[in-house]
Amino acid sequence: MDLLEREAEAKLVIRLQANDESALAELYERLGAKVFTLAINMLNSHEEAEEVLQDTFLKLYRGASGFSVEGGSARAFLYTIARNEC
């Protein structure tokens with residue numbers, strides 16, 4: 001992941017923190033497949049990975065205010081949620 005991607009993802013989280021639901025859709029477009037791949041590799045189950053994907057983005061939406069964009073990676077934050085869901 002390069003600096004431009006990291007900055008773009010952080011801006012999306014800032015928008016999400018401001019209750020911009022379109023930012024969630026954009027994050028899903030950017031990272032949904034990666035989160036799903038992580039979950040399927042950990043769980044070895046397509047159905048469970050789909051649940052983890054849904055729960056991960058729901059938790060991101062509900063918990064975006066707890067994420068600090070200063071020095072944090074939105075992608076790492078999302079992966080941490082997904083790993084915990086698994």
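Keep in mind that what you see is a predicted model, and the values were worked out from it rather than measured.
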Given the rule in the side chain to side chain contact (heavy atoms under 4.5 Å, CB included) test, do E9 and V13 qualify, once you have shown the distances and angles that lead to the verdict?
CA-CA 6 Å; E9 291 166 5; V13 172; 5.8 Å; no
So, taking the atom named CE in M42 and the one named CG in N44, what distance separates them when rounded to the nearest 0.5 Å?
12.0 Å
Here the gap from F77 atom CZ to L27 atom CG, rounded to the nearest 0.5 Å, amounts to 11.0 Å
Might you work through the side chain to side chain contact (heavy atoms under 4.5 Å, CB included) test for L3 and E7, ending with a clear yes or no?
CA-CA 6 Å; L3 182 59; E7 288 175 354; 3.6 Å; yes
Atom CG of N41: over 12 foreign heavy atoms under 6.0 Å
yes
Search all heavy atoms of F36 against all heavy atoms of A49 and return the closest pair with its distance.
CE1-CB, 3.6 Å
Look only at the side chain of E5 and the backbone of D2, and say whether a donor-acceptor pair between them is shorter than 3.5 Å.
yes
Using side chain to side chain contact (heavy atoms under 4.5 Å, CB included), reason through R75 and K34 one step at a time and then give a plain yes or no.
CA-CA 10 Å; R75 187 176 298 215; K34 293 176 182 355; 3.4 Å; yes
Closest non-hydrogen atoms of F57 and L78, given as atom of the first, atom of the second and distance, are CZ-CD2, 3.6 Å
When R83 is tested against each of V52, L38, V35 for side-chain contact (heavy atoms from CB on, under 4.5 Å), which residue passes?
L38
Could you tell me whether the side chain of L60 reaches within less than 4.5 Å of the side chain of T56, counting heavy atoms only?
no
Shortest non-hydrogen contact between L12 and E26, atoms and distance
CD2-OE1, 3.3 Å
So does Q54 have more than 12 non-hydrogen atoms from other groups sitting under 6.0 Å from CD?
no
How many angstroms lie between CD1 in I81 and CG in D55, if you round to the nearest 0.5 Å?
11.0 Å
With rounding to the nearest 0.5 angstrom, report the CG to CD distance, L43 to E50.
11.5 Å
Mind listing the closest non-hydrogen atom pair of A39 and C86 along with its distance?
CA-SG, 3.8 Å
Keeping the roles fixed (side chain from Q17, backbone from A64), state whether a donor-acceptor pair exists under 3.5 Å.
yes
Nearest atoms (heavy-atom pairs only) where R6 meets S73:
NH2-N, 4.0 Å
Which pair of heavy atoms, one from S22 and one from R15, lies closest together, and at what distance?
OG-NH2, 2.9 Å
Evaluate Y28 against L53 for side chain to side chain contact (heavy atoms under 4.5 Å, CB included), listing each step before the verdict.
CA-CA 9 Å; Y28 184 86; L53 177 63; 3.4 Å; yes
